[in-house]
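Heads up: the structure comes next, in structure tokens.
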Amino acid sequence: MTESIDGLFNKALKHQNNGELEEAEALYLSILKINSNHMNSLVNLGVLYKARGDIETAIGLYKLGLSIEPNDLITISNLCRNLRQIDRLDEALYYGKKALTIKPDFTDIALNVGNILIQQGKLEEALHYFSQQLQKYPNNADIQGSIGNVLVRQNKLVEGKSELEKALKLNPKDLNTRRWLAVVNLLLQGKTKIKFVYRDIPIKFEISGKNIGPALSHVTGNFYELKELETIDKHIRAKDVIVDVGSNAGNHLVYFAKILKAGKIIPIEFHPETIELLKRHIALNEIENADLSKLGCAVGKERGEFMLVEHPANDLCLTEVFVSDRHNNSYQDLGDKNTKIEIIPLDELIDEKVDFLKIDVEGLEMDVLQGARNLFGKFRPDAMVEVKKANQKSFFNLLEKMGYRVVEEVKYWSYSNFYIQPVE
């Protein structure tokens, strides 16, 4: 006797809950052959593919599900989160707002909608939106803290501090809010230089309201992305030559110089304001083995001239370069500075033996890797590469062609940092 769809579904769900994804997938596909409109199988199959990192396929399944049940809240909210993870922000915003029309008190999605607006650089709209949400839910610490975060990004430090303090009263255990408050207090006091000790070595940084991620770590006495840095430490030898692509203000460079004792670090950074902060950090930490000759240009797949654009969220970590035909209306250029940046492939820029590369280029990692194929082929260096979720399938395909493998992965919301090595 043929097993019922309900029986097959229950078996599939049990396999999925046990992490037996291949068995679950086979059963869901069997159900969909019998009934292509089986909503629960479509949704759970989407969750399964998402768990594997195949977000695009998951999104396709969720959209297929919505063609069957247009107002299914779980599917709509999954779409919002998945689209946000791969930076399809306009679509994510649409589905987030749709979810809220169905369930206005869906706080998690309400926070997602506000954070999407921040990612798009629509700070005033985000502030207005969070303020409206706070009127509905006056004791929500996450919403209160989000208002404070937006105000800080707008450089309204006094107002931001007040909102963050309110959030902390609502949730005294929120360590993230404590870190934001610590940064704001230092900026308001004019105490921009901080010092901490790591492995008995004194480390110095400047706190900047425009470099939020690193600042939140530095005020706690730690390096930014410490897990990644300690992973690198397990593989890199003293005196190695390191190329730091997307050096930003030098968090990693200082670690490479002071902790790893690298032989030489070559930072690559294109933003004028970030370069000045990077140079100050090099001086503060008395670093003498940094080769600054490559500063002022960006790297990519091929030579060209690109426009430097600022992210309106006021964060130097999010600054990008864009060709004119990729220019996004949610960004703006530097106005009267009209800053243009030269793009040079790493294969042309670096002409010496390299032992390790760190690559963090805000979504342009595939272009950078394509422009460094000869360097990877000739010197076979290890690397730590930040890869957006949307690029990960292409990244793995390229690694196979290059003869590289992933050794370790550090996962975040919309990207992962991959430590890679040559297969041999």
Quick one: pull up [atom1] in [X] and [atom2] in [Y] and give me the separation to the nearest 0.5 Å.
| X | Y | atom1 | atom2 | result |
| --- | --- | --- | --- | --- |
| His235 | Asp355 | NE2 | CG | 14.5 Å |
| Met384 | Asp244 | CE | CG | 12.0 Å |
| Leu64 | Leu32 | CG | CG | 8.5 Å |
| Leu111 | Asp108 | CG | CG | 6.5 Å |
| Leu216 | Asn176 | CG | CG | 6.0 Å |
| Ile265 | Ser247 | CD1 | OG | 9.0 Å |

Just do the salt bridge (Lys or Arg N to Asp or Glu O under 4.0 Å) check on Lys234 and Glu408 with the steps written out, would you?
-> CA-CA 11 Å; Lys234 291 189 296 186; Glu408 293 193 46; 2.7 Å; yes

Run the ring-centre check on Phe418 versus Tyr404 and record whether the distance is less than 6.0 Å.
-> no

Heavy-atom pair of closest approach, residues [X] and [Y]:
| X | Y | answer |
| --- | --- | --- |
| Ser36 | Leu42 | O-CD1, 4.0 Å |
| Leu278 | Gly250 | CD1-CA, 3.4 Å |
| Val152 | Leu164 | CG2-CD1, 4.1 Å |
| Ile343 | Val299 | CG2-C, 3.9 Å |
| Gly46 | Ala58 | O-CB, 3.2 Å |
| Ile207 | Leu187 | O-CD2, 3.8 Å |

Is any side-chain heavy atom of [X] closer than 4.5 Å to a side-chain heavy atom of [Y]?
| X | Y | value |
| --- | --- | --- |
| Val354 | Leu346 | no |
| Phe196 | Asn222 | no |
| Ser414 | Ile86 | no |
| Ser416 | Val410 | no |
| Asn417 | Lys227 | no |
| Ile34 | Leu8 | yes |
| Lys191 | Asn185 | no |
| Tyr62 | Val47 | yes |

Is the number of heavy atoms from other residues, nucleotides or ligands within 6.0 Å of [atom1] ([X]) greater than 12?
| X | atom1 | answer |
| --- | --- | --- |
| Glu22 | CD | no |
| Ile5 | CD1 | yes |
| Lys63 | NZ | yes |
| Lys14 | NZ | no |

Is a side-chain donor or acceptor of [X] paired with a backbone partner of [Y] at a separation under 3.5 angstrom?
| X | Y | value |
| --- | --- | --- |
| Asn391 | Gly363 | yes |
| Asn35 | Asn37 | yes |
| Arg84 | Gly96 | no |
| Glu269 | Asn248 | yes |
| Asp382 | Gln421 | no |
| Asp240 | Ile236 | no |
| Thr101 | Lys98 | yes |
| Asp174 | Asn171 | no |
| Ser162 | Glu159 | no |
| Gln144 | Asp142 | no |

Does Glu56 come within less than 4.0 Å of Arg88, counting only side-chain N to carboxylate O?
->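 Looking at Glu56 and Arg88, the cut-off is met.
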
Do the charged groups of Arg303 and Glu348 touch, with an N to O distance under 4.0 Å?
-> yes

Tell me, with the steps shown, if Tyr224 and His218 meet ring-ring contact (aromatic ring centres under 6.0 Å, His included).
-> CA-CA 7 Å; Tyr224 178 60; His218 296 161; 7.6 Å; no

Less than 3.5 Å apart, any donor N or O on the side chain of [X] or [Y] sitting next to an acceptor on the other?
| X | Y | value |
| --- | --- | --- |
| His281 | Asn251 | no |
| Thr192 | Glu206 | no |
| Lys50 | Asn82 | no |
| Glu23 | Asn18 | no |

May I have all residue pairs that pass ring pair (Phe, Tyr, Trp, His ring centres under 6.0 Å) and include part of residues 118-147, sequence neighbours excluded?
-> none

Contacts satisfying ring pair (Phe, Tyr, Trp, His ring centres under 6.0 Å) that involve residues 36-60 (not counting sequence neighbours) are Phe9-His38

Decide salt bridge (Lys or Arg N to Asp or Glu O under 4.0 Å) for Arg405 and Glu400; before the verdict, give the C-alpha distance in whole Å, the side-chain angles of both, and the deciding distance to 0.1 Å.
-> CA-CA 7 Å; Arg405 65 188 176 98; Glu400 187 175 355; over 6 Å; no

Parallel, tilted or perpendicular: which fits the ring planes of Tyr198 and Tyr255, with parallel below 30° and perpendicular above 60°?
-> tilted

Tyr415 and Tyr412 aromatic ring geometry - parallel, tilted or perpendicular at 30°/60° bounds | parallel

Verify salt bridge (Lys or Arg N to Asp or Glu O under 4.0 Å) between Lys136 and Asp105, making sure each step is shown before the conclusion.
-> CA-CA 9 Å; Lys136 297 178 185 177; Asp105 61 345; over 6 Å; no

Could you check Phe106 against Ser77 for side-chain contact (heavy atoms from CB on, under 4.5 Å), going step by step and ending with a plain yes or no?
-> CA-CA 9 Å; Phe106 200 159; Ser77 59; 3.8 Å; yes

Exactly one of Arg52, His15, Gln16 clears side chain to side chain donor-acceptor pair (under 3.5 Å) with Glu25, and that residue is Arg52

Can Leu369 and Ile359 be said to form a side-chain contact (heavy atoms from CB on, under 4.5 Å), step by step?
-> CA-CA 9 Å; Leu369 289 168; Ile359 299 174; 3.8 Å; yes

Output, in order, the C-alpha distance, side-chain angles, deciding distance and verdict of salt bridge (Lys or Arg N to Asp or Glu O under 4.0 Å) for Lys389 and Asp87.
-> CA-CA 9 Å; Lys389 295 283 187 185; Asp87 292 327; over 6 Å; no

Test Ile242 against Ile266 for side-chain contact (heavy atoms from CB on, under 4.5 Å), laying out the working first.
-> CA-CA 6 Å; Ile242 295 175; Ile266 305 171; over 6 Å; no

